[in-house]
Amino acid sequence: QVQLAESGGGLVQAGGSLRLSCAASGRTFSTSVMAWFRQAPGKAREIVATISRAGGTTYYVDSVKDRFTISRDNAKNTLYLQMNSLTTEDTAVYYCAAAQGTAQTMRLTSHGDYWGKGTLVTVSS
C-alpha cells in the first residue's frame, strides 16, 4: 500500500510560482506511474501531468504545457510539480496519484490506485 501526502500549496499572485511536493510511503513508489490531478471549484477533476516510473516520459495537459514541470526522485520517494506563470485558472485543489498501470490509463480514466488528500492552490489576480 502507498500513502501519499501533498504539500506546497498556498496563495500566490498571478504570474508567480509554486512547487508542490508529494511524499510517498511504502515500497512501491518507484514501480508506480505518478500523476498530478486538480479540481477547481464547481468543475470535474482533471489530469494535469503524468510521469513514468523512471521519470523519462512525461505528459502535460495543454493548458499547463511550458509552464508546469513534473518530476520525481525515487530515492526520496517524492513527486514534484513546479508551477510557473500561474494564472487564476490554475486555482484548484491539487492531488497526486499513484498507479500500477499505465500513464495512458491514468490520463484516459483518471484512475489512480492511491490518492493524496490534496493541497489547495489559490492564484489571485
Side-chain angles (χ1 to χ4, degrees):
Q1 191 165 355
V2 177
Q3 292 184 326
L4 304 173
E6 303 93 339
S7 62
L11 175 64
V12 63
Q13 286 190 327
S17 299
L18 280 176
R19 188 193 198 200
L20 305 183
S21 298
C22 173
S25 63
R27 291 181 286 181
T28 59
F29 179 79
S30 62
T31 63
S32 299
V33 173
M34 298 297 297
W36 287 99
F37 289 81
R38 67 185 179 186
Q39 187 166 19
K43 295 186 178 180
R45 183 176 59 195
E46 66 168 347
I47 188 82
V48 175
T50 65
I51 188 166
S52 61
R53 291 167 175 82
T57 302
T58 58
Y59 160 86
Y60 299 92
V61 68
D62 285 347
S63 59
V64 308
K65 280 181 181 177
D66 299 323
R67 298 190 300 121
F68 290 11
T69 302
I70 188 171
S71 62
R72 65 190 297 165
D73 186 334
N74 287 345
K76 295 182 178 180
N77 280 5
T78 305
L79 176 73
Y80 303 100
L81 185 68
Q82 177 66 44
M83 306 186 295
N84 299 328
S85 302
L86 286 160
T87 74
T88 56
E89 296 297 309
D90 297 316
T91 294
V93 178
Y94 284 72
Y95 301 90
C96 64
Q100 294 298 302
T102 68
Q104 183 179 34
T105 298
M106 292 187 89
R107 293 196 301 268
L108 294 177
T109 67
S110 294
H111 171 76
D113 296 319
Y114 305 101
W115 292 85
K117 294 182 179 180
T119 186
L120 176 63
V121 172
T122 304
V123 184
S124 63
S125 59

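- In this structure Phe37 satisfies the ring-ring contact (aromatic ring centres under 6.0 Å, His included) test together with Trp115, sequence neighbours excluded.
- More than 12 non-hydrogen atoms from other residues, nucleotides or ligands lie less than 6.0 angstrom from CD of Gln39.
- Contacts of Glu46 classified as side-chain contact (heavy atoms from CB on, under 4.5 Å), with partners at least two apart in sequence or in another chain: Arg38.
- With contacts defined as side-chain heavy-atom distances shorter than 4.5 Å, the pair Leu20/Val121 qualifies.
- Of all the heavy atoms in Met34 and Ala98, the pair that sits closest is SD-CB, 3.4 Å.
- The minimum heavy-atom distance between Ser17 and Asn84, with the atom names listed, is OG-OD1, 2.9 Å.
- The two residues Leu120 and Ala92 come nearest to each other via the heavy atoms CD1-O, 3.6 Å.
- Residues Leu86 and Met83 approach most closely at CD2-CB, 3.8 Å, considering heavy atoms.
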How far apart are the C-alpha atoms of Ile70 and Leu79, what are their side-chain angles, what is the distance that settles it, and do they pass the side chain to side chain contact (heavy atoms under 4.5 Å, CB included) test? CA-CA 8 Å; Ile70 188 171; Leu79 176 73; 3.9 Å; yes
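- The minimum heavy-atom distance between Asn74 and Phe29, with the atom names listed, is OD1-CE2, 3.1 Å.
- Judged by the 6.0 Å and 45° rule, Arg67 forms no cation-pi pair with Tyr60.
- At distances below 3.5 Å, at least one donor-acceptor pair connects side-chain atoms of Thr91 with backbone N or O atoms of Val123.
- A side-chain donor-acceptor contact under 3.5 Å links Asp113 to the backbone of Gln100.
- No side-chain heavy atom of Leu81 sits less than 4.5 Å from a side-chain heavy atom of Arg19.
- Atom CD1 of Ile47 is separated from atom CH2 of Trp36 by 11.5 Å, given to the nearest 0.5 angstrom.
- Summarising the geometry of Asp90 relative to Ser85, their closest heavy-atom pair is OD2-O, 4.4 Å, with the distance given to 0.1 Å.
- Distance alone, capped at 3.5 Å, places no donor-acceptor pair between the Arg53 side chain and the Ser30 backbone.
- One N or O on the side chain of Arg72 and one on the backbone of Ser52 form a donor-acceptor pair closer than 3.5 Å.
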With side chain to side chain contact (heavy atoms under 4.5 Å, CB included) as the test, would you mind laying out the steps for Thr105 and Val33 before giving the verdict? CA-CA 10 Å; Thr105 298; Val33 173; over 6 Å; no
Go through the steps for Tyr59 and Gln104 under the test side chain to side chain contact (heavy atoms under 4.5 Å, CB included), then give the verdict. CA-CA 9 Å; Tyr59 160 86; Gln104 183 179 34; over 6 Å; no
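- Proximity of a side-chain donor or acceptor of Glu6 to a complementary backbone N or O of Cys22 within less than 3.5 Å is not detected.
- Taking Ser71 as the reference, Tyr80 meet the side-chain contact (heavy atoms from CB on, under 4.5 Å) condition, with sequence neighbours excluded.
- Atom CE of Met106 sits about 8.5 Å away from atom OG of Ser32, to the nearest 0.5 Å.
- Tracing side-chain contacts under 4.5 Å through hydrophobic residues (I, L, V, M, F, W, Y), one never reaches Leu18 starting from Leu11; they form parts of separate clusters.
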